[in-house]
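Okay, structure first, notes after.
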Amino acid sequence: MVLLSIVGARPQFVKAAAVHRALAMKGSKHSILHTGQHYDDAMSRVFFEELGIPRPAIDLGVGSGSHGRQTARMTEGIEAALLEHKPDALILYGDTNSTLAGAIAAAKLHIPVAHVEAGLRSFNKAMPEEGNRIICDHCSTWLFCPTETAMRNLAREGIGTHDGTATADHPKAVLTGDVMMDISLHYAAAALERSTILEQTGVRANGFLLATVHRDFNTDDEVRLKAIFSALELCGQAHGLPIVVPVHPRTRASLERCGLRPNDKVLRLIPPVGYPDTIMRERSARPILTDSGGVQKEAYFFRKPCVVLRPETEWVELVDAGQARLADADNATILASAEEFLRNGTPVRDGLYGDGHAADRIADELS
Ligand code: UD1
Ligand code: UDP
């Protein structure tokens, strides 16, 4: 099979790196289409350089825009690329607008779709990602699920597992585990050896907290953004620990728009960083506070407790296991959750996201 992965946003580069490694080991023909959804060097180029992802064979350079315009421009570009390159199947990742555009273009051209990270649901349709995931799942032939919960979500929507040939009309859900676990394990050892990022940020292992914030409902709502940053500041002050915050460009713009200038003695706001450095920070942090999907899971991979800056999460097993707490943008809950984790640490429950061989299972299925 000739396979084409569609990527565009930061977490998709990370997931595609895991899948590409597994496909390359099997000798599969696999190339990359980059929609250009993320385009700053720190949001895109560094991942290709650091994670051994092949240079995109097709680069659409779509850039930012409203949901409709961005998705439409991507869909048009992907359709043209599919007509020219005629892949046997398309691999789509997660739930971004790049995922949605790939699903629409492939469905119209009857090109089978493999969805990596299928079956996730927040049950909150106000999130742009929720619609993207549902549509992509229902355009897919192979649905590669990271968790049992995802398998159950799909079963409720009429998509199950079977031994026959998967087709668009008879799709197949497969429990693979999470490709982000595979890649984080792969890079963790190397990060530990090579990274000097802690020294560069002036913090020491286990002497800081880590936070990321980028969800539209947090960045584009001034009340929520202020509540979160004030909670971070109070938390750092109360425990005498700096909080390192790699800032997504969308968040940087919102902080400026709201005139928010966090106390730089407590909050170390830094530009987005590459993946091995992020892994290194996650490994070395005390609690991690985040609204990111990927960072929630990485906290678990490195046995760090996680305060989730959202009202709900798709990664419900983390909350069930006591490793993550939902704090939304509520000042008091954020503070109380971080304090509880600082005092008591996190319970350990292994195996929530597979055994580190999710990408191998995907490669087996697609070979
Ligand atoms: C997107 C995904 C989200 C994912 C996140 C990962 C959708 C709907 N959302 O959100 O699911 O969690 O990526 O980070 O697809 N910008 C830059 N430089 C860049 C990229 C973005 O300055 O390289 C700024 C632009 O002002 C842009 C804004 O960030 O308008 C938002 O970017 P966009 O890709 O639309 O959404 P994300 O918030 O990154
Ligand atoms: N990440 C990174 N540098 C950063 C912030 C995040 O490499 O400055 C990585 C992080 O380790 C994870 C992925 O980007 O693998 C998550 O991306 P993001 O939080 O933007 O999106 P989400 O997972 O919420 O869709």
Side-chain angles (χ1 to χ4, degrees), residues 6-18 34-51 61-71 73-74 92-102 117 120 122 126-133 135-136 178-184 187-188 191 195 197 201 210-220 244-254 256-257 269-283 285 288 290-299 301-302 308-310 313-315:
I6 307 265
V7 296
R10 176 164 70 183
Q12 295 172 320
F13 309 139
V14 176
K15 292 164 201 170
H34 189 332
T35 62
Q37 177 169 351
H38 286 176
Y39 43 85
D40 291 345
D41 281 354
M43 297 293 289
S44 173
R45 188 176 54 80
V46 290
F47 292 90
F48 285 82
E49 287 175 1
E50 291 174 343
L51 301 184
V62 163
S64 305
S66 67
H67 286 287
R69 185 179 158 80
Q70 186 183 52
T71 308
R73 293 184 64 206
M74 289 176 187
L92 302 178
Y93 302 85
D95 51 23
T96 73
N97 288 346
S98 298
T99 317
L100 174 64
E117 215 177 76
L120 274 287
S122 65
M127 279 184 87
E129 292 82 1
E130 184 75 349
N132 293 351
R133 340 179 149 105
I135 293 168
C136 184
D178 195 314
V179 296
M180 290 189 85
M181 168 136 169
D182 306 12
I183 198 80
S184 68
Y187 279 95
S195 179
I197 198 73
T201 332
L210 181 68
T212 77
V213 182
H214 77 276
R215 293 275 157 214
D216 61 353
F217 51 79
N218 284 333
T219 60
D220 299 2
V244 177
V245 191
V247 185
H248 188 291
R250 144 175 241 141
T251 316
R252 172 82 58 192
S254 296
E256 278 164 19
R257 202 174 44 246
L269 268 53
I270 55 168
V273 280
Y275 182 73
D277 283 345
T278 302
I279 290 286
M280 184 62 193
R281 284 208 174 90
E282 290 168 346
R283 280 186 69 128
I288 296 176
T290 189
D291 61 8
S292 158
V295 175
Q296 280 176 61
K297 285 181 292 170
E298 286 162 354
F301 302 153
F302 300 119
V308 181
L309 305 170
R310 289 180 45 187
T313 179
E314 304 76 44
W315 305 104

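What you see below is based on every heavy atom in this structure, not just the backbone, and it leaves out hydrogens, waters and symmetry mates. Whatever order the structure lists ligands and atoms in, that order sets their numbers, starting from 1.
The protein atom (non-hydrogen) at minimum distance from atom 26 (O) of ligand 1 is S64 OG, 4.3 Å. Nearest protein heavy-atom neighbour of atom 24 (O) of ligand 2: R215 NH2, 2.7 Å. Atom 36 (O) of ligand 1 has its closest protein heavy atom at R250 NH1, 3.4 Å. Regarding atom 2 (C) of ligand 2, its nearest protein heavy-atom neighbour is T278 OG1, 3.1 Å. Nearest protein neighbour of atom 9 (N) of ligand 1, counting heavy atoms only, is E129 OE2, 3.5 Å. In terms of protein heavy atoms, atom 19 (O) of ligand 2 is closest to S292 OG, 2.7 Å. Looking from atom 8 (O) of ligand 2 to the surrounding protein, the closest heavy atom is V273 N, 3.0 Å. When hydrogens are left out, the protein atom nearest atom 25 (O) of ligand 2 is P11 CG, 3.4 Å; that is the closest non-hydrogen contact. In terms of protein heavy-atom proximity, atom 23 (O) of ligand 2 is closest to G294 N, 2.8 Å. Considering only non-hydrogen protein atoms, atom 8 (C) of ligand 1 sits nearest to N97 OD1, 3.4 Å. Residue, atom and distance of the protein heavy atom nearest to atom 19 (C) of ligand 1 are Y39 CZ, 3.6 Å. Closest to atom 18 (N) of ligand 1, if we only count protein heavy atoms, is D40 OD2, 2.9 Å.
Here's the thing with D291: none of its N/O atoms is less than 3.5 angstrom from an N/O atom of ligand 2. For a threshold of 3.5 Å applied to N or O pairs, the pair formed by S98 and ligand 1 contains no separation below that value. In terms of polar-atom proximity, defined here as any N/O pair under 3.5 Å, V295 makes no such contact with ligand 2.
Taken to the nearest 0.5 Å, the CD1 atom of I183 stands 12.5 Å off from the NZ atom of K15. Going from atom CD of E314 over to atom CG of D95 covers 7.0 Å, rounded to the nearest 0.5 Å. In this structure, CG on D291 lies 6.0 Å from CG on L309, to the nearest 0.5 angstrom.
Of the options Q12, E129, R10, a side chain to side chain donor-acceptor pair (under 3.5 Å) to T96 is made by Q12 and by none of the others.
Minimum heavy-atom separation, P272 to V247: CD-O, 3.2 Å.
The proximity of P246 to ligand 2, defined as any non-hydrogen pair under 4.0 Å, is limited to the side chain. Residue E129 does not touch ligand 2, judged by heavy-atom distances below 4.0 Å. Looking at H38 against ligand 1, both its backbone and its side chain come within 4.0 Å, counting heavy atoms.
When the heavy atoms of Q37, R252, R215 are ranked by distance to atom 33 (P) of ligand 1, first place goes to Q37. Among P11, S254, S44, G8, the residue whose heavy atom lies nearest to atom 6 (C) of ligand 1 is P11. Looking at R10, E298, M43 and measuring to atom 20 (O) of ligand 2, the nearest heavy atom belongs to R10.
A salt bridge between R250 and D220 is present, with a side-chain N of the basic residue lying under 4.0 Å from a carboxylate O of the acidic one. In summary, E117 and K297 engage in a salt bridge, as defined by a charged side-chain N under 4.0 Å from a carboxylate O. Under 4.0 Å is where a charged nitrogen must lie from a carboxylate oxygen, and between E49 and R45 at least one such pair does.
Under the 4.0 angstrom criterion for non-hydrogen atoms, M180 is in contact with ligand 2. Ligand 2 lies nowhere less than 4.0 angstrom from a heavy atom belonging to T212.
Here H34 and Y39 keep their ring centres 6.0 angstrom or further from each other.
The aromatic rings of F47 and F13 lie tilted to each other, with the angle between the two planes from 30° to 60°.
Those atoms of ligand 2 that come under 4.0 Å of a heavy atom in G274, given as number and element, are 7 (O).
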